[in-house]
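Read the structure below first, then the notes.
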Amino acid sequence: MPPKIRDLIAELEKAGFVYRSGKGSHRNFVHPDVIYPVTISGKPGDDARHYQVRAVRLALKELMK
């Protein structure tokens, strides 16, 4: 079962990412130690797509280096 969008957002915020606006259902999260923003789209209750999960995992892994 894929995680929900709200779960991905919670993981990013817990790691120190900050919401930096977006257009429509898109949310951009930035962190000073990660060179690229992470974009999450969809309603909070929707299932996350595989590419969204991968983007969050990659950003968190980059942060741990």
Side-chain angles (χ1 to χ4, degrees):
M1 184 111 193
K4 299 291 184 184
I5 296 291
R6 71 168 80 56
D7 298 332
L8 295 182
I9 292 171
E11 284 184 51
L12 289 171
E13 289 176 341
K14 184 177 177 183
F17 283 79
V18 180
Y19 174 69
R20 187 203 71 190
S21 75
K23 190 170 185 177
S25 66
H26 289 73
R27 297 166 197 85
N28 296 313
F29 291 89
V30 294
H31 192 282
D33 297 333
V34 179
I35 59 174
Y36 52 89
V38 178
T39 302
I40 303 292
S41 63
K43 297 177 184 174
D46 291 346
D47 288 338
R49 307 294 251 161
H50 70 282
Y51 59 86
Q52 293 171 321
V53 175
R54 186 173 50 224
V56 170
R57 302 288 183 251
L58 186 63
L60 294 176
K61 185 177 177 181
E62 179 73 24
L63 187 60
M64 295 299 178
K65 287 185 180 180

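Atoms considered below: every heavy atom in the structure, side chains included; atoms not considered: hydrogens, waters and symmetry mates.
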(request) Please tell me if the side chains of Leu12 and Ile40 come closer than 4.5 Å, counting only heavy atoms from C-beta onward. (result) yes

(request) Could you pull out the closest heavy-atom pair between Arg27 and Gly42, with the gap in Å? (result) NH1-O, 2.8 Å

(message) Would you say that Pro3 contacts Val53 through its side chain, given a criterion of any heavy-atom pair below 4.5 Å between the two side chains?
(response) yes

(message) Could you measure the distance from the CZ atom of Phe29 to the CG atom of Leu8? Nearest 0.5 Å is fine.
(response) 9.5 Å

(request) May I ask you to check whether over 12 heavy atoms, not counting those of Arg49, lie within 6.0 Å of atom CZ? (result) no

(message) Just verifying a value: how many Å separate Glu62 CD and Ile35 CD1, rounded to the nearest 0.5 Å?
(response) 6.0 Å

(request) First locate atom NZ of Lys61, then atom CG of Leu63, and finally report the distance between them rounded to the nearest 0.5 Å. (result) 13.0 Å

(message) Would you compute the distance between atom NZ of Lys14 and atom CG of Leu60 and round it to the nearest 0.5 angstrom?
(response) 10.5 Å

(request) Determine the minimum heavy-atom distance between Ala48 and Pro2, stating which atoms define it. (result) O-CB, 3.6 Å

(message) Looking at every heavy atom in both Asn28 and Gly22, which two are closest together, and how far apart are they?
(response) ND2-CA, 4.0 Å

(message) As an exercise, state the distance from CZ of Arg6 to CG of Asp46, rounded to the nearest 0.5 Å.
(response) 9.0 Å

(message) Can you confirm whether Phe17 sits close enough to Ile9 that some side-chain heavy atom of one is under 4.5 Å from a side-chain heavy atom of the other?
(response) no

(request) Treating Ile, Leu, Val, Met, Phe, Trp and Tyr as nodes and any side-chain heavy-atom pair under 4.5 angstrom as an edge, say whether Val56 and Tyr36 lie in one connected cluster. (result) yes

(message) Regarding Gln52 and Thr39, do their side chains bring together a donor and an acceptor under 3.5 Å, going by distance alone?
(response) no

